Each structure stands twice: as structure tokens, then as C-alpha cells.
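Reviewing the structure listed below.
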Amino acid sequence: MNAILAIARKDLRIEWRTRTLLARVIPFALLVLVLFAVALDSEPLLLRAAAGLVWLAMLFAAMLLVQRSFDVETADHALDSLMSFVSSPSKVFFGKALSMFVQLFALAVVLLGAAVVLYGARVDGDSVVLLVTVLITATIGLSVVGTLYGVVVANMSGRDSLLPLLALPVLAPLLIGAARATEAALGSDTIDLANGWAWVALLVSYAVVFGSAGAVAFAPLAQSDS
Amino acid sequence: MNAILAIARKDLRIEWRTRTLLARVIPFALLVLVLFAVALDSEPLLLRAAAGLVWLAMLFAAMLLVQRSFDVETADHALDSLMSFVSSPSKVFFGKALSMFVQLFALAVVLLGAAVVLYGARVDGDSVVLLVTVLITATIGLSVVGTLYGVVVANMSGRDSLLPLLALPVLAPLLIGAARATEAALGSDTIDLANGWAWVALLVSYAVVFGSAGAVAFAPLAQSDS
Amino acid sequence: MALGGFPALAGVDLVVRCGELVALRGANGTGKSTLLRLCAGLAPLTRGSAHVLGFDVARQRDVVRTMVGLLGHDNGLYADLTARENVEFVAQLVGAGTNDVESALDRLGIDSRVAAARAGALSAGQRRRTALAALVVRRARLWLLDEPHAGLDGQARAELDGILRDATRSGATVVYTTHELEVPGARIPRTITLSGGIVARDVESADPS
Amino acid sequence: MALGGFPALAGVDLVVRCGELVALRGANGTGKSTLLRLCAGLAPLTRGSAHVLGFDVARQRDVVRTMVGLLGHDNGLYADLTARENVEFVAQLVGAGTNDVESALDRLGIDSRVAAARAGALSAGQRRRTALAALVVRRARLWLLDEPHAGLDGQARAELDGILRDATRSGATVVYTTHELEVPGARIPRTITLSGGIVARDVESADPS
Amino acid sequence: MKTGTTTTRVLGIFALLITTWVVVSAFFLTPADVVQGDSVRIMYAHVPTAWIAYLAFVTTAVASGLSLVRKHRTLGFDRVAGASAEVGVLFMAMTLITGSLWGRLTWGTFWQWDPRLTTTLFLFVTYVGYLAIRRVDVDPVRRARRSSVIALLAVLEIPLVHFSVVLWRSLHQEASVLNTDGDVRLDDLMLFTLFSGVVAFTLIFVWLVVHRQRLAAMSDVERLVGLDVAITARRAESTVGGGGI
Ligand code: HEM
Ligand SMILES: Nc1ncnc2c1ncn2[C@@H]1O[C@H](COP(=O)(O)OP(=O)(O)OP(=O)(O)O)[C@@H](O)[C@H]1O
Ligand SMILES: Nc1ncnc2c1ncn2[C@@H]1O[C@H](COP(=O)(O)OP(=O)(O)OP(=O)(O)O)[C@@H](O)[C@H]1O
Ligand SMILES: [Mg+2]
Ligand SMILES: [Mg+2]
């Protein structure tokens, strides 16, 4: 437990010092939202697609954060030693997933706020609970899958291009689930609250499956190549 | 001239050996097209936005290629020596931009083909000339801007997150121009062929401006920090 | 063991006793680094077997990993943490105290200005010293060091020799590689020379200090 | 000159003549690497001025760059090209021929198996040798080498000393840093010792070979 | 060296015979559909390729699991996993191609953003990624371990594809645009032909995997034989007693 926290704290300290999230990833994600607007070039369209686009931007931004999180480990081959400091490799997994969660959650809140401003999405009082639950469960799923695939490609050359290729198809169900649930929470006419909660259930099982897969699979994966 | 070709050849040889474009970036870009469809979740919408989405996917994929292109240079600090081998730094710029162009052009052709299949875009016989011209000019613009910003972030830590942040806003005009011109070539009802050629003129001047800017600015930028 | 089809090691038969201090020598590309990484469970074994501290490296990798401290050609530092924070992080994970951190930094001659600088902004030798400080804090049972002297100045080299000797005194086993020429004053208990992936020479010094 | 607010060099007053072979010494963090990078036009100059081969480093950076061959702590190799392709690439850019490539590889003891292996799959010393071969092909007028001996085995070190001497004979100027202990047999014409960012000692050997 | 044996040759001949029967039956014996006309004949290629792709990916997952568990046979199972995934990607590509041709004939477009089609595409890309990671040149044992984990995660997508239509409808209010299950009513001969197709493609799949796997095994053996030679050569490099430094 202690080790998990120490690792998460280390990651967050590096984040704080380099301000990657604040100064780069958040602006990048906002930029992506704007670019969607540019590419679509129509307001009613945007409003209809708002929830999906927010989560798509989250996915792209998450790729950057995951890459960053493992660049830090592999730049000077720190991951090899890190693995030798902990009694069980799964601690490294949960430590890194935890710091990832903290950062992604902050990002999700900002992006949702941006969608309200940019795309004119609306948040009602009674659906706030659903919205927060969606944010938390989807972000947990995103963190564990991101961390898992981050370590898969961690020691490979050209990992920048491999990570999205491997992780995005696996994240597609999460994208669909989170988008539909968020749509429900934002009061779309195509999907109601009850349905939104059904999607949340899907998100929860997604996070559980990949969380346990990650804990188990981390050890065989976290070995350097050269 | 010789040096430019030697540098481009070196980059393409590394690409051929690692198959980054073929095995990773192209599948990634296709995946992005699919994710757009999932996020938008509506077919008429997709058809309307097809051109914009293709170019947006190009932009994201280009970020990966640029990153890869400069990762190769900075992994072992090769860029410093490379700059000292050529008589003028602009040769390095044009060499790297050339290899980038070759790769991006191949990618653009594949993506457009995918748009035809997936989004139902249609290519008519008489607009093929416009389409090819757009592809070439926009890809040239993308290559020079990508290379220019690639070197800006080349020696910075956490460049994965910085590159899209810096380059994408600059590429926004290109996105708009290429999207509109492609729309015209694909025979949309909102924009006609003549208008398409006007956008091409814009793309050409964009490429010229950034091409010369890159040639001049490359030298002061390509200096390592540490 | 083979890397990418090329046999890096071609049958090293080698027993190192507990508490020994062993210098590994050999020309470039004879497989020294590969041997160390193998013992740390980081390189795969194609043929044969390797036991470290009584554990099989291939099968009980996780156990082996926790007992071995490896300093490779790279330092394994986080560039955005200061030198002190790097050592402190290791201390937290292995359960060492703040005193240990301070004394390790002190011993490696890392003064407070250097300790407070980002690891990424240190000179090559200062980074190497920081990595060594982290290794001291770690208190591994088997120390594997790949060219620990490279980049260190004369004073740090002398200090390093003292540290390695102290480690063996407290029961740890130390194996390190080096290309340094034999220095007249220094005495290394045992020198093993690799050549072409096998042990070519194994000399036990007459008077281990 | 200052890095991140900390003055790495505090007033080095130094003249190196053409065709000289100079060894730069000093404790870790005294600014040797910084000095070399400065002369190569890679580190910024905060105060004062530096002239290399008659050109101002700050103002005529592009000219200086093309005349200086720098081998830093890193090797500057492309991991996905083979050792030979790496040297060939340099040869193409500087206009050297295939013979030069072969003779450079030969001189550095890079046999055909090693030359045909990906640079990323070489041992530390083999990579260093490849970088040196590229430097030989380059034929710079000023050679700056940052710890060129680190990682090389005894044979390669001897070869390196020969190469540096040959370079000075053909009119090039060579400055290199080192932490090696003074080796009895070897003769270095001039040794400069840095300390605290200034020149502490400047010894000209009596009999430059 | 050859990769064929009597068994695989017999297998190959059977595959050929049944495929011939399927082709004849699909084009000449089975009736055209009332609604779709002759285009329904694509079904005999489309549906079996989809199912064989599933079979291939499940095989990959099983082989990967065994490769992780059976440590002394890691590489053997890993070869099967890799070969099977390659063939699976091939079949999935055929599903996509036949499907979109069929779509062109029945819907007038190559593609519809229907949940089954979309998830199929995701499945396809997932295994393209799997193959991409197998291409990265590392030590075989490490590659086996890494790709096994990915294969075990990837196979979870198959139920997603299969049940996507149901799942989507229960959760999604908008009815799916077009029912891909089609309004095809299958008579006995059609059904028989369809299942003959499945058998034929299964045989082809097995045949391909066996050969692909043997090819990989042979190059591995060659590598190991080469390794012995290389080890001898490597030992000869050593200068025993002489100075290595
Ligand atoms: C690119 C387009 C298409 C793709 C990617 C595709 C994909 C698939 C897949 C993956 C399956 C296996 C489903 C399973 O058993 O889990 C399947 C089955 C099937 N497809 Fe398609 N399909 C496409 C177009 C079509 C079209 C145009 C039709 C007919 C109008 C069609 C009719 C069928 C039928 C009848 C089955 C078997 C019954 C079933 O399992 O539902 N498909 N297709
Ligand atoms: N990028 C940087 N930012 C801030 N300070 C730096 C940076 N690089 C080096 N320094 C500091 O400048 C001083 C000189 O560093 P330099 O690398 O030149 O030393 P060196 O003599 O080469 O030492 P070594 O023998 O360890 O290689 C050191 O104290 C170091 O901490
Ligand atoms: N990742 C790899 N893939 C293929 N071959 C490799 C790899 N790493 C090392 N080798 C080869 O294995 C042999 C042994 O390498 P190793 O790094 O162990 O040598 P070393 O004794 O440490 O040499 P040095 O003194 O130069 O550090 C070398 O010939 C090298 O080319
Ligand atoms: Mg080594
Ligand atoms: Mg230095």
C-alpha cells in the first residue's frame, strides 16, 4: 500500500514540476474539441455529438498522459530498478494507475466544462449524480487500460505509434459506454436516465475486468528488451 | 542537394526497417476514422463531415510521424552531429521534410480511399485533378510545418505532449483549407469546384510561407538544450 | 544465452561465493553486461541455467529481482526529480530511513547544491554518483555494477572502492565490470576475464585486503 | 557561462594552438563537458567570448559547427541502422569515400559481424567505437572528445591514442577530457586541469612524442 | 526441408474437394433469395469467414494462455498463436470485403455504421495491432509473453462483436439502422451449403496454420542450429589465457 502511494506520489510530483497536464495536455484536449468543431462546421451537429466528442478528446489526451508516464520510467531505464524495489509488480501497476486516475479525472472535469461552453451542452441538477458516476467509472477504466498498454509498449522503440494502435480499439467500448451515459446525463432526447445507469454498469464491469487483468499481467510485461 | 537526398534516404530506410508507417500509423489513422464515426453516431452527419474528418485524422497521424522522425534524431543526440555535417542547416530541414512528405502522401491516399468506403464519399472523374492537387499541396504544407515544429520540440522533455499543442493551432488553417477543397472535389453541394481551386491557392501559399520559414528558422531552432 | 540470434555468452561456468568481491574484465562485446543483466533477471537465458543466491534466475525471477541491486550502463534516475528526491524515493520503497539517505549522499560526495539540482541538470559524473548513492541505500544482497568507475573522478573512484569493500564486509556479494587498467595500489580479491563469451581467466589475488 | 542560473564555467582563460593535443582533467562537475559543448557551439555563452579556429563561437556558429567534430557523452548513432550504415551516412554527408569508411571501421577494430549489426544491438564499447569511426571519417579540423576512453577496452584505448596522435600530425587540433589515471607509458603533450570553473593547472609535457 | 506431411496433404485435398462443392452449390444449386436475388450467394463466403476468424482468434488466445502457463513450451505455443492470428486477420479481412460487397449490392453502400460492422472493424484493427507488436524484434521469449497478454485481452472483444446487436438494441433507443441478420430465409440446401462452407474454411484454416507454424518452427530450429555453430565460433574468439583486455 505504502509502495503504491509512494509511486503515485512520485508521478504526481514529476507532473507538478513539469506541469505536463496543466500546461500541455489540457490545452491540447481543448484544442481537439475546437478542431472537431472546425472539422464538423455545424452547430446543431456539434450539440448532438458533444458527449461523444468529449470522450474522444479524453482518449487522445489519455494517450499523451500514458506516454508521458512511461517515458519518465524508460528515459534512463528507471523501470527496471523500480520493479526490483517492490515486493510485487502489481504495486507498480496500481501506483501508476492511481496517478493516472488523478490526472485524467481533472482533465475530464475540465473537458466537460468546456463542452458546456463550446458546444452548448447543458447539465441539469437531477442528473449530476449520474454525470459524476460516469466520470469516475469511465476514468478508472481509462486509467487501468492506459497503464496496462503503457507498460506493454514501454520499452519498445517507436512506442508513440504503437500505444494508440493497441489501446484505442480496446478503449472503444469505453468510448461508446461513456459517451452514451454522458449523453443521458446531459439530457439528450435519444436516451434517458435509466438507460444511462445501464451504461454505467457496463463501465464498472469494464474497469473491474481490466483492473484485475492489469494487476495479473503487469509482471510478465514489465521487462525491458535490451 | 545531395545532402538533402541522403538525409531523406536515411529516414526512409529507418522507416522501411521499422515499418512504422505501414504497420502502425496507417492502422492508427483508420482507427481514428472509425472512432469519429462512433463518437458522431450518425451516418448523414458523417458523409457531410467526411472531408474534414479525413484531414483531422491526417493531422493526428502526422503528429505521430513527426514525433517518430525526431525521436530517431534525439534518442542518442544524433541531431547535434547531423547539423554539423551539412553546409547549411536548411538542408537538414528539407531532407527531413522530404521524407515526411513521401510518408504523409501515402497515408493521405489510403485515408481518402477509406473515406470512400467507410463514409460513402464519392469521387467523380472530372474532379480528380482538383483532388490530387489538394492532396499534394496540403501534404506539402503538413510536412513542412510538422518538420518545423518537430525540431522546435526535438530536444525538450515531454515532447509528446508539446508537439500537438504547438503544431495543431498552426495547422488549423490548413485543416480548413484542405477540408473545404476536398469537399469541393468530392462533389458536396455546399461548395463548388471553382471555390475548391481558390482554397488550393491558399494551401499553396501556406506551404510556401512555412517552407521558407522553416528553411530560415531551422538553424536557430535545432540547438539542444542540455 | 543469445541476443537476436547472436550468442552473447557461450557457456560461462562461474561460481561466486557470498561476500566475495569480483572484478569482471574482458574486451568490448565479450558479454560482461549481458552476464550481469542475466543475473539480475533482466536478460533471457537461451540455454543452461543460472542460480543467484540459491534461486533459479529463470523460474524465480521475482524473488531474485528483489535481492539484486543492478547499476547498468544507464543510471535509472528520474530527470525531473532532484538528486536527493531520487535517492529518497528508493529509500521509501525499500524501507530505508532519512539518515540512510543523508549518509549515502554524504559518502558519495554529493553536496547540498548538487543534491538539490534536477538530476537531468547534473554532470555525467554527478549522475553516476547519485545512482551509486541510491544503490547504497538499497542494501542489496548481491550488487551488480556495470562499469561503475566510468565517468567518476579520482576521488569518487577511491570512495567507490571503499563502499564496495564495506558492502562485502557486511555480507553482500559484489560483482562489477571494469576496463580500468590495473592500478598498482589497489587490490581486488578476484578478477575474472571473459573472452568470446566464456571465462578465459580467473585469478584470485593472494592477499585480499 | 551559466546553465540554469548556475555558472558552470567561471572564467576559463585558455589558448590552444593548432595541431596541439590537449587533455582536459578535473573533478566531476567542474565544467569540462560544458567547455567542449561551448566550443562546438552547442552551449550558450553567458559572458565573455570564445574563438575557435579564428571564428567567434557566438556569432559564427554555423561556420564553427562545420569545422568541429564533437563526441559527447552520447554517441549520436541511429539505433535502427547498422554500425556500417551509420558511418556510411556520415561519409556521404561530409563527402568521404567508401575506402575511408572501411579503413575507419578497420582501424577501430569493428569486424564485419559487428559492422552489420543494428547499432542498437551493440555493446556499450562497440557503440563507442562506431562513434569514433564516424569521427575519423569526418576529418574535422578541431576534435572535441568527451571522455572518449570510457567504455573502451585496453586495445581500443591504445588504438584511440594512435588515432588522436595521427589527427594532430595531419594538422587537426584535439582536445579531450578524461578521468583516467596517469598511465606511466602514455605521454600527453599538454594537460589542463579545471577546478571550480577555472583553469587550475596547465602542464606542458617535456617531450611530446 | 518441407512443411507438408501426408496428413496435411490429405487435409489439403479434402479442403479443395469441399470448397469445390461449396462453389458449385453456392453458384448453381442453391436458389436465389426472394428479396436479395443472386447477391445472397455472397453469404456462403461471408458468414464462414467471419466464424473462422473467430475460431482463429480463440485459437490464438488458447495457445497464448498455454504459452504463458507451460513455461517449457512457451515458444511452441507462441508460434501457433502467431500463425493463427495471421490467418485470422486474413479471414477477417475477407469478411470485411465480402460484407461490404454484399452491402453494396443490398444497401447500395459499402458501409453502414451499424454496431456489428463497427465492432468487427475494431476487432480487425486489434489483431493488426497484435501482429504489429509481434513484428518488433526482441527476444522470442519476451515477445511470446507480451503478445500472449495482448491476445488474452483481445479475445474479449469477440463476444462484444457477436452480441453487439443485442446489446446495442437493449441499451440504445434508436433502433439499429438496418438489420444485418438479413431477411434471408434459409432452406435446407442453403443451410447445408453454408455449413459445408464452414467446414471447408475450417480445413483451410487448419492447413494454413499448420504450415505457417511449421515454417516458423523451422526458422527457429535453423536459428538454434545456427546458434550452436555460432556458440562454437564465439568460443573460438576467446583467447584463453591471453589478455582479453
Ligand atoms: C462490411 C460489412 C459487413 C461486415 C463487417 C460483416 C460482419 C459480419 C460478422 C463479423 C458476422 C459474424 C457474426 C457473428 O456470428 O457473431 C456476420 C454474419 C452475418 N452477416 Fe455480415 N457483415 C457485413 C455485411 C453484411 C451484409 C451486407 C449482410 C446482408 C445483407 C450480412 C449478413 C450477414 C449474415 C446473414 C450473417 C450470419 C448470421 C448472423 O450471425 O447474424 N452481412 N457479418
Ligand atoms: N543543463 C544544465 N542545467 C543546469 N546546470 C547544469 C546543466 N548541465 C550541467 N550543469 C552543471 O554545470 C556544472 C558543470 O557540468 P559539466 O557537465 O560541464 O561537468 P563535467 O566537468 O563534464 O563533469 P563530469 O566529469 O561529471 O562529466 C555541473 O555542476 C552541473 O551541475
Ligand atoms: N540487444 C542485443 N541484440 C543482439 N545482440 C546484442 C544485444 N546486446 C548485446 N548484443 C551483443 O552481445 C555481445 C555482448 O554484449 P555485451 O553488452 O554483454 O558486451 P560487454 O562485455 O558489456 O561489452 P562492453 O565492454 O563494450 O560494454 C556483443 O557482441 C553485442 O553485439
Ligand atoms: Mg557492457
Ligand atoms: Mg562531463
Side-chain angles (χ1 to χ4, degrees), chain C residues 3-8 25-35 37 72-75 83 108-111 113-114 116-118 120-130 132 146-147 149-159 177-186 193-195, chain D residues 2-6 8 25-35 37 72-75 83 108-111 113-114 116-118 120-130 132 146-147 149-159 177-186 193-195:
Chain C
L3 295 173
F6 175 75
R25 293 173 165 277
N28 289 140
T30 41
K32 302 180 295 300
S33 303
T34 309
L35 183 59
R37 291 179 59 78
H73 283 298
D74 293 302
N75 295 314
L108 268 306
I110 300 170
D111 63 33
R113 187 192 67 76
V114 174
R118 280 179 60 237
L122 294 179
S123 84
Q126 289 164 340
R127 269 203 298 277
R128 201 75 181 150
R129 288 176 185 220
T130 309
L132 284 168
D146 205 354
E147 301 189 27
H149 298 91
L152 294 184
D153 59 24
Q155 195 193 339
R157 281 171 197 218
E159 198 56 66
T177 70
T178 182
H179 287 299
E180 299 302 302
L181 301 176
E182 218 86 39
V183 180
T193 309
L194 289 188
S195 172
Chain D
L3 296 172
F6 173 77
R25 294 175 164 277
N28 289 140
T30 40
K32 302 179 294 302
S33 302
T34 309
L35 183 58
R37 292 178 60 77
H73 284 296
D74 293 302
N75 295 315
L108 267 307
I110 299 170
D111 64 33
R113 186 193 68 77
V114 174
R118 280 181 58 237
L122 294 179
S123 84
Q126 289 165 340
R127 269 201 298 277
R128 202 75 180 151
R129 287 175 185 221
T130 310
L132 284 168
D146 206 353
E147 301 188 27
H149 299 90
L152 294 185
D153 60 24
Q155 196 192 339
R157 281 172 197 216
E159 200 56 66
T177 70
T178 184
H179 288 300
E180 299 302 300
L181 302 176
E182 218 85 41
V183 180
T193 310
L194 289 188
S195 174

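The shown structure was predicted, so the numbers you read here are calculated from the model rather than taken from an experiment. Each chain gets a letter, A, B and so on, in the order its sequence line appears, and its residues count up from 1. Values below: all heavy atoms of this structure, side chains included; hydrogens, waters and symmetry mates excluded.
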Chain C contact via [X] - which portion, at a heavy-atom distance below 4.5 Å:
| X | answer |
| --- | --- |
| R128(D) | neither |
| L152(D) | both |
| A156(D) | side chain |

- Message: Can you tell me which residue among R129(C), Q155(C), Q126(C) is in a side-chain hydrogen bond (donor to acceptor under 3.5 Å, both in side chains) with N28(D)?
- Response: R129(C)
- Pairs of heavy atoms under 4.5 Å with chain D: top-ranked of A124(C), G151(C), S33(C): G151(C)
- Message: I need the minimum non-hydrogen distance between G29(C) and S123(D), along with the two atoms involved.
- Response: N-OG, 3.4 Å
